[in-house]
Each structure stands twice: as structure tokens, then as C-alpha cells.
Amino acid sequence: MSLVKNKVKNILIIVLGVLVLGLVLYLEIKFSSNFFTREKTSKLGLEDVGELVTQTCYTTVLEDSKVNRDFFKLFDIPFTESRQIFSYDFEVDASLDFSSIEYKVNDKQKEINVILPHSRVYKVTFNPSSLKVYLDSESLFSRIDLEKHNSAIEKMQEQAENDCVANKVLEAADTNAERLLEGLIKGEKKYKDYNIVFNYVGGN
């Protein structure tokens with residue numbers, strides 16, 4: 001009888017030991033996971049920034065609109081041309097999506113590897129009050145209506161974007177984003193002396 005009791009006692013001790021060991025491992029994993037998450041958030045603090053404009057390009061686009069009466073689309077009829085030459089000022093914003101930034105911290109080498117996309121054109125805005133009219137000649141036989149005017153503005157917006165991209169607005173936005181990111185990272189005392197390495201994914 002005592003032999004049975006001893007066996008039961010030993011089994012209970014083993015089971016209890018397994019449960020205690022399992023609980024310790026669970027708490028260790030849970031604590032490590034929570035600690036890592038909190039540490040990552042406090043390290044760089046980039047997760048909640050969202051879309052941020054880092055460069056704005058200002059440009060003026062000139063438009064030359066013409067409308068003619070034609071003879072069965074064979075040739076333009078003389079003295080039936082309406083013509084408008086005007087310009088608008090545009091703002092082209094380039095931005096970086098901070099939510100897509102990833103980073104790896106190497107504490108041994110004191111280096112932070114930041115993986116990020118290139119900046120992109122976020123918004124093109126024209127200023128209606130900047131209108132300058134250089135020529136407004138309207139014929140009785142043809143006219144430039146509102147629909148054609150709106151279509152001209154849409155083409156001017158595309159031209160403004162193309163002009164700013166050609167003038168390196170996206171490259172300037174990338175440079176500003178790097179400066180901003182470095183400032184945010186090194187604002188944390190722990191990473192003040194870390195080397196920041198930027199690696200881009202995708203192309204402009």
C-alpha cells in the first residue's frame with residue numbers, strides 16, 4: 001500500500017513539475033514578446049506618422065488654347081479662330097508614407113538599417129487666383145467653352161507634375177525625408193551615436 005502511495009506521490013510531483021516548468025516558459029515567452037514590442041515602438045516612433053509631405057515644388061504653367069471652324073475637317077476656315085493664352089500657378093507636393101518604413105537595429109555595430117520607399121507625388125494643386133491672361137480673342141463663329149477650359153486645366157496639372165518631377169522634386173523629397181528620419185531616430189538618447197543606413201525599395 002505504501003508502495004502505491006509512493007508511486008502516486010512521485011507521479012504528482014512529476015506532473016506538478018511539468019506544470020510549473022510550462023508556466024515559467026509561457027511567462028518568459030510572453031514577457032519577452034511584450035518587451036520587444038514596447039522596445040520597438042519606443043525606439044523610433046515612426047509607426048503613427050502616416051503620410052508626410054517632405055518637399056513642395058512651385059511652378060507656373062502656360063496654356064495656349066485654340067478653337068477653329070473647319071470645312072468638313074479638311075482645313076480651318078479663316079477668321080473663325082478663338083484663342084486664349086493664360087497661366088496658373090501650381091503646387092506639387094511630394095510625400096513619404098511612413099507606415100511602410102521598416103528598420104533593423106544592430107546594437108553590437110551601433111547601426112540602424114532603415115528600409116523605405118522612394119517619395120511620390122502626393123497632390124497637385126492649382127491656385128485659381130493666380131490666373132494671368134495674356135490673350136483672349138473670341139470669334140463669333142467658335143468659342144472656348146467651360147468644358148474645354150476645364151480640360152485645359154487638367155492637362156496643365158499633368159504638365160506641372162511632369163515639370164516638377166523633371167526638376168528633381170522627388171529626389172529632394174527623399175533627401176529631406178532622410179534628414180527628418182535621422183533627426184527622429186537620433187532624438188532618442190540611446191541612438192545618438194548610431195550610424196543610420198538608408199536602403200530604398202522600388203524606384204521613383
Sidechain-backbone polar pair: Ser87 side chain, Leu62 backbone, donor-acceptor under 3.5 Å:
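Pair absent, no side-chain N/O of Ser87 close to backbone of Leu62.
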Treating Ser95 as the side-chain partner and Val53 as the backbone partner, does any N or O pair qualify as donor plus acceptor under 3.5 Å?
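Looks like no, no N/O pair under 3.5 Å.
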Please tell me whether Glu158 and Asn162 have a donor and an acceptor in their side chains that are separated by less than 3.5 angstrom.
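Per modelled atom types, Glu158 and Asn162 side chains form no pair under 3.5 Å.
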Would Asn113 and Asn106 count as having a side-chain donor-acceptor pair, cut-off 3.5 Å?
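No pair is found: no donor N or O on one side chain lies under 3.5 Å from an acceptor on the other.
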Same cluster (ILVMFWY, side-chain, under 4.5 Å), [X] and [Y]:
X: Tyr200; Y: Ile196; result: yes
X: Tyr88; Y: Tyr58; result: no
X: Phe198; Y: Phe98; result: yes
X: Leu131; Y: Val124; result: yes
X: Val121; Y: Ile153; result: yes

So does Tyr194 have more than 12 non-hydrogen atoms from other groups sitting under 6.0 Å from OH?
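Enclosed: over 12 neighbouring heavy atoms sit under 6.0 Å from OH of Tyr194.
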How many angstroms lie between atom [atom1] of [X] and atom [atom2] of [Y], to the nearest 0.5 angstrom?
X: Asp93; Y: Glu161; atom1: CG; atom2: CD; value: 11.0 Å
X: Glu111; Y: Lys104; atom1: CD; atom2: NZ; value: 11.5 Å
X: Asp89; Y: Thr60; atom1: CG; atom2: OG1; value: 3.5 Å
X: Asp64; Y: Ile85; atom1: CG; atom2: CD1; value: 4.0 Å

Once side chain to side chain donor-acceptor pair (under 3.5 Å) is applied, do any residues pair with Gln55, and if so which ones, sequence neighbours excluded?
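Gln55 satisfies side chain to side chain donor-acceptor pair (under 3.5 Å) with Asn176 only.
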For Glu63, enumerate each residue passing the side chain to side chain contact (heavy atoms under 4.5 Å, CB included) test, keeping only those at least two apart in sequence or located in another chain.
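Partners of Glu63 under the side chain to side chain contact (heavy atoms under 4.5 Å, CB included) test: Ser65, Phe86, Ala152, Met156.
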Which pairs, with at least one residue in residues 161-197 and sequence neighbours excluded, count as a disulfide bond (SG atoms under 2.5 Å apart)?
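Every pair satisfying disulfide bond (SG atoms under 2.5 Å apart) with a residue in residues 161-197: Cys57-Cys164.
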Step-by-step side-chain contact (heavy atoms from CB on, under 4.5 Å) determination, Ile112 to Val197
CA-CA 6 Å; Ile112 299 177; Val197 179; over 6 Å; no
I need the minimum non-hydrogen distance between [X] and [Y], along with the two atoms involved.
X: Val92; Y: Ala160; result: CG2-O, 3.8 Å
X: Ile185; Y: Tyr191; result: O-CB, 3.8 Å
X: Leu170; Y: Ser119; result: CD2-O, 3.8 Å

Pick out which of Asp174, Asp97, Leu96, Val201 makes a side chain to side chain contact (heavy atoms under 4.5 Å, CB included) with Leu116.
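With Leu116 as partner, side chain to side chain contact (heavy atoms under 4.5 Å, CB included) holds for just one option, Leu96.
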Using 30° and 60° as the class limits, which term best fits the ring planes of Phe90 and Phe126: parallel, tilted or perpendicular?
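Answer is tilted, since the angle falls between 30° and 60°.
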Assess whether a salt bridge exists between Arg120 and Glu51, defined as any Lys/Arg side-chain N lying under 4.0 Å from an Asp/Glu carboxylate O.
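A salt bridge links Arg120 with Glu51.
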